[in-house]
Amino acid sequence: MIPLGYILGFSALLFGLGLYGALTRRNAIRMVMSIELMLNAVNVNFLAFSRYLNPGDPRGSIWAIFVMTVAAAEVALGLAIILMLSRRQDDIDVDKVHSLQG
Amino acid sequence: MAQWAWLVALFPLLAFALMEVAPGRLRLRRDTLGTVAVAASFVVSLAVLVDVWAGARAAASWQWAQVGPVQIPMGWQVDPLSAVMLVVVNLVSLMVHVFSLSYMEGDVRYGRYYAILSLFTFSMLGLLLVDNFLGLFIFWELVGLCSFVLIGHWYEEKANSNAAMKAFLTTRVGDVAMLIGILVLFAHLGTLKYGDIWSAAQSGQLSLDVITTASLLLFGGAIGKSAQFPLHVWLPDAMAGPTPVSALIHAATMVAAGVYLVARAFPLFSLSPTALYWVAVTGGFTAIFAATIAVVQDDIKKVLAYSTISQLGYMFLGLGAGSLVAGSFHLVTQAFFKSLLFLAAGSVIHAVHTQNLHEMGGLYPRMKWTAWTWMIGALSMAGIPPLAGFWSKDEVLLAAYRSPYPILFWLALVAAFLTAFYITRATWLAFFGTARDEQRARHAHESGWRMQLPLGVLALLAAGAGLLGASWFGHPFTHFIAGSVPAGTHLAEPEPAGLVQGLALLAAVAGIAVAGGIYGGGWVSRASLIRAGRPLYVLLKRKYFVDELYGWVFVKGTVALSWLTGAFDRYIVDGIVNAVGWLGVQLAYATGDFDQAVIDGAVNGVGQAVEGGGRLLRRAQTGYVSTYLVTLATAVVAVLILLVLRR
Amino acid sequence: MNTTLLAFFIVAFISLVAAWRVITDPSILHAGLWMGLSFVGVAGIFLLLEAEFLAGVQVLVYVGAITTIILFGIMLSDVGEVRVGPEPPGWVQAGAAWHRGLRHAFPLLVAAGFAGTMLGLYTQSGWGQLRERPLELAGLSVGGIGRELFSTFALPFEIASLVLLAALLGAIVLAMREEER
């Protein structure tokens with residue numbers, strides 16, 4: 001049997017890694033990947049809490065499914081944006097996308 | 001009948017919904033649909049008023065939402081204040097609907113215009129009916145949204161859509177304060193229902209500081225919505241909308257909402273002398289401030305716009321002086337004479353296709369109906385007895401006179417003089433004298449019953465509505481409206497003073513006489529007048545440079561702010577090395593500027609420094625997504641840590 | 001140490017190492033593959049939590065769909081890695097290491113701060129030692145999820161499908177070449 005704390009610890013570490021990646025990487029695709037890692041960590045939490053605190057309740061899984069739906073939508077849109085970006089400036093360095101600059 | 005009051009708001013909403021979903025042929029009749037709906041709603045509101053006048057009250061409340069342990073009820077109520085306003089709003093809206101049938105005929109977005117008018121009317125009626133601050137806020141924003149759409153009705157022209165945005169954003173500044181005020185009340189009491197809040201405040205459950213803070217924050221919303229100084233800048237620009245819409249905005253909806261808010265929350269305001277003081281000062285100052293600007297405007301609608309701001313100032317002055325009746329009474333009469341003036345102006349504009357007073361003149365023989373109704377409205381606003389404006393303005397002046405700040409009375413008196421002056425000036429320039437543009441004057445004509453009927457009805461009311469509050473009949477309005485605040489609210493209803501009435505009348509007559517003398521009698525020529533008071537003229541003409549000041553402060557302020565955030569970026573996030581390099585560049589710039597300064601002289605140098613500074617500040621706004629992300633994540637983690645530490 | 005715990009450690013370790021490689025692998029293509037591995041690891045965790053259906057969905061959606069899309073994206077955008085700019089001047093290079101450290105140190109601090117706070121929170125709350133209870137007979141069945149999804153969560157479910165549709169349309173419009181529009 002796995003103590004709940006171990007699983008939560010795993011998800012916290014996974015989330016932290018994803019966060020670090022999203023903050024430091026300049027490559028847009030790598031940022032998207034890091035965000036996916038964070039979403040995965042969230043799903044692990046949903047399932048872990050559902051399993052340990054309320055076993056048999058399907059709601060934890062349902063929330064995870066919704067998160068996956070949103071993640072899929074986000075990846076599709078994100079990659080479309082990245083594709084457009086790469087066509088426009090031949091590069092997907094997010095630090096070079098600063099047309100919002102004043 | 002009072003228990004059916006919710007029908008009043010239902011009709012326009014249904015009309016709007018029908019207009020939006022209606023198919024094919026029905027869509028073409030959207031004007032009729034909207035007019036009929038408002039007419040029905042007017043009839044109901046009239047019945048409700050009669051019922052309420054007889055002493056009936058009605059309210060209903062139900063559970064709307066539940067967020068965790070917080071219950072959010074929603075409900076409606078009718079009391080004297082809202083019953084009166086329901087009738088006023090419906091009447092003015094109905095008149096605007098009828099007037100627009102002709103005025104807006106053949107417009108590109110005729111159908112949409114009527115749909116939004118219905119939504120606008122519904123929002124305002126809802127605002128009057130709800131019994132809690134949350135509902136008030138929702139309808140408040142709906143009103144703002146509708147006025148945004150209508151001001152930008154002809155959005156093809158950039159100026160119009162800019163005016164709409166300006167109105168929306170300026171009022172939003174006040175709305176933020178108002179929302180915070182509502183939240184302050186909610187945080188302390190856990191309820192947003194008017195009745196609960198009033199009783200809690202009166203029973204001493206709220207400290208005076210909280211009451212003052214909440215009142216002033218709520219008043220912030222009213223300042224924005226009712227275009228009081230310093231958030232008045234949107235109202236004159238809102239003239240970009242169709243003229244009937246201006247009539248609606250200036251009389252019944254939108255700007256009335258701010259005054260209504262303060263009147264509605266009067267049990268709260270009346271507990272805090274500080275809050276009342278600021279309401280009175282803001283109102284008094286705005287009254288005279290806007291009146292002086294109105295004196296020099298050349299656009300007939302701008303004259304009316306500034307006069308609205310000035311009249312709204314009167315209302316706040318009345319409320320701030322502690323007289324609920326004075327403020328709400330003036331709100332009612334102003335609704336009649338101001339919508340009348342706007343619709344009459346619309347009739348003129350429709351006939352001569354210009355808004356410039358100097359291109360009019362000599363219209364009286366060709367537009368007698370419009371001219372007469374306009375003059376009734378003008379005299380009513382100037383305060384000539386027994387027209388409506390005299391009675392309500394008298395109440396305000398009286399309240400100011402008896403208030404602890406008599407200086408406000410003298411300000412208001414001067415404003416009354418100016419009011420009479422500028423409206424007489426506009427009257428003369430538009431209708432009398434020689435036609436300055438023969439071509440336009442010759443083609444001017446009345447535009448049919450659909451435009452004349454509303455003018456007639458409103459003229460009747462602008463003349464007669466004041467009798468409701470006249471001393472001749474023992475102030476029936478005063479006793480009636482006092483029933484809309486809980487017993488125990490301090491209502492300053494001062495004894496009438498002959499001196500005040502005399503002075504008010506004197507100011508009005510003097511204003512009319514001076515204006516008539518200058519523009520009609522030709523005592524002094526306009527040109528020499530302008531020459532004599534050149535600096536003052538420019539100052540007024542440019543509206544005290546408030547717009548310019550805002551442009552300067554907010555644009556420069558934003559740049560400065562972006563510089564600060566940018567500096568944070570460069571120094572902390574992007575690292576010290578980068579910063580050192582950046583500083584080197586700055587130093588080079590600075591020395592460069594210094595060189596220039598020495599060579600080109602001090603004045604030139606200052607200019608250079610400002611320009612160079614602006615350039616640097618601009619560069620500081622990064623636009624880097626990573627910067628934003630880091631900031632976001634840092635904030636999240638900081639909040640998280642804070643939450644953990646508080647456990 | 002029982003086998004379940006051992007399996008958890010192995011799966012978690014693989015998943016975390018893979019996640020680390022996602023961030024650090026110099027080749028973006030390899031990073032994408034590492035991400036797939038990390039997702040498989042998470043699916044393993046789901047299995048250990050006795051959520052077989054979710055594990056299946058995880059493999060299908062994340063490993064099957066999202067990883068594939070991302071790999072496609074990498075190949076289509078045809079820019080393997082962010083290009084390194086021209087060499088900075090000497091005086092910048094002097095402090096370049098320091099600069100790079102700072103650029104990474106602060107986010108590291110934030111990320112570590114987050115993970116650390118969460119871990120501290122979990123320890124403090126006493127969830128850490130909580131053991132799972134056996135599933136009831138009804139269990140976490142696919143049927144239960146389905147019933148719940150189409151009754152209680154029917155509206156969110158429909159909205160989610162709309163979100164997907166909107167994302168689909170948006171992605172197509174965005175990715176279309178200018179001349180195709």
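Chain A is the first sequence line, chain B the second, and so forth, proteins listed ahead of strands; every chain is numbered from 1.
- A/Gly9 and C/Leu119 make their closest contact through CA-CD2, 3.3 Å (heavy atoms, listed as atom of the first residue, atom of the second, distance).
- Put simply, the residue from A/Val32, A/Val75, A/Leu79 that forms a side-chain contact (heavy atoms from CB on, under 4.5 Å) with C/Ile66 is A/Val75.
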Discussion item. Apply side-chain contact (heavy atoms from CB on, under 4.5 Å) to residues A/Asn43 and C/Leu54 and explain how you reach the verdict.
Written reply: CA-CA 10 Å; A/Asn43 274 351; C/Leu54 248 279; 5.6 Å; no

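- Taking OG1 of C/Thr24 as the reference point, atom CZ of A/Arg25 lies at 7.0 Å (rounded to 0.5 Å).
- Here the closest heavy-atom approach between residue C/Ala31 and residue A/Arg30 is recorded as CB-NH1, 3.7 Å.
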Item to complete: Could you go through the side-chain contact (heavy atoms from CB on, under 4.5 Å) check for A/Leu37 and C/Ser38 one step at a time?
Response: CA-CA 8 Å; A/Leu37 290 180; C/Ser38 182; 3.6 Å; yes

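- Contact of the C/Ile74 side chain with the A/Met33 side chain is registered, since non-hydrogen atoms from C-beta on lie closer than 4.5 Å.
- For chain A, the option among C/Thr67, C/Ile69, C/Val61 with the highest count of heavy-atom pairs below 4.5 Å is C/Ile69.
- What you find for A/Leu77 and C/Ala167 is that their closest heavy atoms are CD2-O, 3.8 Å.
- Summarising the geometry of C/Leu49 relative to A/Arg51, their closest heavy-atom pair is O-CD, 3.2 Å, with the distance given to 0.1 Å.
- Between the CZ atom of A/Arg59 and the CD atom of C/Glu148 there is a distance of 6.5 Å, given to the nearest 0.5 Å.
- At a threshold of 4.5 Å between non-hydrogen side-chain atoms, the residues C/Thr152 and A/Ile62 do not count as touching.
- Residue A/Ala80 comes nearest to C/Leu174 through the heavy atom pair CB-CB, 3.8 Å, listed as atom of the first residue, atom of the second, then distance.
- In this structure, the side chains of C/Val110 and A/Leu23 come closer than 4.5 Å at one or more pairs of heavy atoms.
- Annotation: side-chain hydrogen bond (donor to acceptor under 3.5 Å, both in side chains) contacts of A/Glu36 (sequence neighbours excluded): none.
- Contacts with chain A were tallied for C/Ala166, C/Gly116, C/Ala111; C/Ala111 has the most, counting heavy-atom pairs under 4.5 Å.
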Item to complete: Step by step, work out the side-chain contact (heavy atoms from CB on, under 4.5 Å) result for A/Asn27 and C/Ile28.
Response: CA-CA 9 Å; A/Asn27 186 318; C/Ile28 181 93; 3.7 Å; yes

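- Interatomic distance, CD1 of C/Ile70 versus CD1 of A/Ile82, reported as 8.0 Å (0.5 Å rounding).
- Annotation: the span from A/Thr24 atom OG1 to C/Ile23 atom CD1 amounts to 6.5 Å, rounded to 0.5 Å.
- Taken from CG in C/Leu149 to CD1 in A/Ile65, the straight-line distance is 6.0 Å, to the nearest 0.5 Å.
- Both the backbone and the side chain of C/Ala160 come within contact range of chain A, each with at least one heavy atom under 4.5 Å from a heavy atom of that chain.
- For the side chain to side chain contact (heavy atoms under 4.5 Å, CB included) test, residues two or more places apart in sequence or in another chain that qualify with C/Phe8 are A/Ile2, A/Tyr6, A/Ile7, A/Phe10, C/Ala12, C/Ile45, C/Leu48.
- Counting heavy-atom pairs closer than 4.5 Å to chain A, the top-ranked of the candidates C/Gly113, C/Pro156, C/Ala65 is C/Pro156.
- Side-chain contact between C/Leu5 and A/Pro3: present, with at least one pair of heavy atoms (C-beta onward) separated by less than 4.5 Å.
- Note that the OH atom of C/Tyr62 and the CG atom of A/Leu39 stand 5.0 Å from one another [nearest 0.5 Å].
- At a 4.5 Å heavy-atom cutoff, the contact between A/Tyr20 and chain C is made by backbone and side-chain atoms alike.
- At a threshold of 4.5 Å between non-hydrogen side-chain atoms, the residues A/Thr69 and C/Phe157 do not count as touching.
- Contacts between C/Ala112 and chain A at a heavy-atom distance below 4.5 Å are absent for every atom of the residue.
- Between A/Ser61 and C/Phe53 the shortest side-chain heavy-atom distance does not fall below 4.5 Å.
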